[in-house]
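Working notes, structure below.
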Amino acid sequence: MQPVQKQSFADDFRRRIKETKTTRWIRFTIVALIFIAWVAWLGSWWVLIFLLLLFDIYITGYIPLTWWKKSKNKTVRSVMSWVDAIAYALVLVYFVFTFVGQNYQIPSSSLEKSLLVGDYLWVNKMAYGPRVPMTPVHFPLVQNTFPIINTKSYTDFPQWKYKRLKGLGKVERGDIVVFNFPAGDTVTTKVTNPDYYTLVTMLGRFAVHNNKDQFGDVIYRPVDRRENYVKRAVGLPGERIKIVDGVIYINGEAQPQPENVQFNYFYQVSDGGFTEKEWDDLGISVADRNIVPVDRDDVESVIANGFTVLPDGTVPTIYASPLTPAMIERMKADSRVTRIMQVPATEQVPLFPAGVSDGWTRADYGELWIPKKGAKIKLTPETWAIYNRCIRNYEGHHDAYIDGSGVVYIDGEAADTYTFEMDYYFMMGDNRDNSADSRYWGFVPEDHIVGKPWRVLISFDKDKNLFNGGIRWNRVLKTANPDK
């Protein structure tokens with residue numbers, strides 16, 4: 001018997017290439033071209049080394065990724081076929097969600113009536129350019145916490161530096177934008193509203209950190225794992241923003257209000273009030289039909305504000321709701337609505353920036369300069385109060401501080417000026433009196449920008465049965481940036 005000659009690697013390599021079917025060559029060529037185009041977009045050519053892995057997967061097959069297909073055990077083949085399909089699906093979802101776009105649910109009313117609670121959006125990440133993931137190892141279907149088991153859905157290591165790929169455009173004034181919540185770098189695991197920094201301002205750091213039964217653990221989250229928020233960009237880098245009587249001024253010029261901007265109003269309804277259908281036609285949700293309690297001691301105030309008091313001393317129901325200009329006009333045309341009055345802006349939650357915003361309200365706010373990449377500011381106690389979070393938390397100078405004499409130290413050295421490394425934005429909701437936005441927690445750094453909502457995929461009305469108006473069919477595939 002002649003000994004079997006061992007085949008050389010070169011001979012084996014040529015054999016494998018020769019035996020590869022034409023269809024696999026075609027599939028490899030398509031995948032390779034897409035991969036090369038993606039690497040060019042990424043701008044990191046070292047990633048091309050993974051082309052060798054794709055070549056092996058499609059052509060040579062040295063890495064036994066499909067070993068299970070040759071198994072004699074039917075159960076192994078069945079289970080592994082599902083594992084293989086799920087793994088491929090998760091990898092595809094990871095890349096689509098990271099570089100193309102993802103779905104997003106509107107959880108709060110801060111943008112009503114432009115976007116509604118229950119809207120599910122497709123967010124286009126290519127609009128402003130997708131970010132290379134800063135936390136690359138994460139489960140693609142959840143933002144930061146696995147439901148039910150309440151554990152992190154990502155690993156803290158590795159962490160990559162911020163890099164944004166070339167997109168289709170830049171953030172423009174009036175764009176509705178999805179971004180990671182800037183003040184979400186530190187969170188308490190049991191209380192998410194108000195945010196950690198507001199809790200510390202209200203209760204003190206010691207109370208928050210030492211009351212785990214009420215607040216849970218205090219943890220840090222990386223930029224891209226912070227909660228997603230959606231607001232309208234009203235102020236751009238390098239601009240000065242001020243709000244006077246609810247009107248936004250940019251560089252001293254009044255800006256037009258969004259069509260569906262809302263402010264809170266008191267209104268009185270007589271003759272039995274509205275029917276459920278009338279409430280629905282007005283667009284006032286159950287959660288927004290707030291009845292204002294009136295007792296005997298309030299009657300004089302009610303009369304002084306122009307509301308009706310009946311001869312027997314009773315007061316027809318007074319409601320408080322956010323209303324758009326169109327809703328106000330409809331109410332004025334209804335004889336049952338006897339009085340409409342805007343709710344005065346009084347603040348119970350501190351406004352940004354602390355120490356500078358004393359006397360400001362959500363309706364009369366500012367003036368503030370919005371930081372711009374490359375722009376230099378003089379460091380004074382006042383500018384430090386406004387921009388220290390940008391310098392310390394967003395741009396990485398964590399040890400920066402101001403001493404008792406008003407001298408600012410950055411990276412251990414005294415500094416009298418600072419040059420910003422990123423662009424920043426001022427974001428607000430259209431539901432102006434019911435929106436936790438930049439007026440309360442400050443500027444949005446460019447590395448927090450996620451993308452631009454494109455379309456409403458589907459919309460559910462939580463106040464209605466799923467089979468009786470619960471699906472808002474008129475919103476399916478509707479533009480998610482209605483004022484642009």
Side-chain angles (χ1 to χ4, degrees), residues 104-112 115 117 143-145 150 152 177-223 225-232 234 243 262-264 285 287-288 290 320 322 343-366 368 385-390 392-394 424-445 448 450:
Y104 175 81
Q105 178 193 2
I106 297 293
S108 69
S109 62
S110 67
L111 271 171
E112 293 208 3
L115 295 176
V117 174
Q143 179 61 14
N144 48 47
T145 306
N150 291 322
K152 290 196 306 183
V177 180
V178 173
F179 55 91
N180 297 117
F181 180 37
D185 55 351
T186 306
V187 297
T188 57
T189 54
K190 288 186 178 181
V191 178
T192 57
N193 187 21
D195 63 83
Y196 166 80
Y197 293 101
T198 302
L199 286 173
V200 169
T201 299
M202 294 169 61
L203 305 174
R205 189 176 186 277
F206 181 85
V208 175
H209 281 254
N210 292 276
N211 191 351
K212 289 191 176 184
D213 289 340
Q214 181 177 357
F215 300 108
D217 293 323
V218 177
I219 62 173
Y220 171 83
R221 281 179 180 159
V223 171
R225 297 298 98 202
R226 296 168 192 172
E227 294 295 341
N228 289 319
Y229 272 38
V230 58
K231 307 287 181 186
R232 191 182 295 276
V234 298
I243 304 173
Q262 293 189 114
F263 294 96
N264 288 344
S285 67
D288 286 337
N290 302 299
V343 177
T346 56
E347 304 308 321
Q348 295 180 342
V349 177
L351 292 168
F352 170 86
V356 176
S357 60
D358 295 345
W360 297 2
T361 70
R362 62 180 182 267
D364 292 284
Y365 179 94
L368 286 178
I386 299 171
Y387 303 110
N388 77 85
R389 183 166 175 80
C390 298
R392 296 170 65 253
N393 296 62
Y394 305 147
Y424 291 79
Y425 301 87
F426 202 91
M427 305 283 189
M428 289 176 58
D430 290 355
N431 193 356
R432 293 287 168 79
D433 294 338
N434 301 284
S435 173
D437 51 38
S438 286
R439 292 170 294 178
Y440 296 91
W441 37 253
F443 310 110
V444 177
H448 285 56
V450 174

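Sequential numbering from 1 along the given sequence is applied to the chain's residues.
Remark: the backbone N or O of Pro194 is not paired with any side-chain donor or acceptor of Thr198 at under 3.5 angstrom. Under the 3.5 Å distance criterion, the side-chain polar atoms of Thr188 are matched with a main-chain donor or acceptor of Val191. Looking only at distances, a side-chain donor or acceptor of Thr361 sits under 3.5 Å from a matching main-chain atom of Asp364. The backbone N or O of Asp213 lies less than 3.5 Å from a partner atom in the side chain of Lys190, making a donor-acceptor pair. At distances below 3.5 Å, at least one donor-acceptor pair connects side-chain atoms of Asn210 with backbone N or O atoms of Phe206. In this structure, Asp217 contributes its side chain and Ile219 its backbone to no donor-acceptor pair below 3.5 Å. Formation of a donor-acceptor pair under 3.5 Å by the Glu112 side chain with backbone atoms of Val117 is found in this model. Looking only at distances, no side-chain donor or acceptor of Arg432 sits under 3.5 Å from a matching main-chain atom of Arg362. The backbone N or O of Arg226 lies less than 3.5 Å from a partner atom in the side chain of Asn180, making a donor-acceptor pair.
One distance of note links OG1 of Thr189 with CZ of Phe215; it measures 11.0 Å at 0.5 Å rounding. Rounding to the nearest 0.5 angstrom, the gap separating the CG atom in Asp430 from the CZ atom in Arg232 is 4.0 Å.
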Candidate pair Glu227 and Asn144, rule side chain to side chain donor-acceptor pair (under 3.5 Å), full reasoning = CA-CA 8 Å; Glu227 294 295 341; Asn144 48 47; 3.1 Å; yes
task = Just do the side chain to side chain donor-acceptor pair (under 3.5 Å) check on Lys231 and Ser435 with the steps written out, would you?
result = CA-CA 9 Å; Lys231 307 287 181 186; Ser435 173; 3.2 Å; yes
inquiry  = Between Tyr104 and Gln143, is the side chain to side chain donor-acceptor pair (under 3.5 Å) condition met? List the steps.
reply    = CA-CA 10 Å; Tyr104 175 81; Gln143 179 61 14; over 6 Å; no
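Between Tyr365 and Phe426, the two ring planes are tilted [angle within 30° to 60°].
A salt bridge links Asp185 with Arg389; the closest basic N to acidic carboxylate O contact falls under 4.0 Å.
You'll find the ring centres of Phe352 and Trp441 outside the 6.0 Å limit. If you look at His448 and Tyr424, their ring centroids are not closer than 6.0 Å. Under the 6.0 Å cut-off for aromatic ring centres, Phe443 and Tyr394 do not qualify, their centroids lying 6.0 Å or more apart.
Side chains of Tyr196 and Val208 form a contact here, defined as non-hydrogen atoms less than 4.5 Å apart.
Residues meeting the side-chain contact (heavy atoms from CB on, under 4.5 Å) test with Asn434, sequence neighbours left out: Asn264, Pro322, Asn431.
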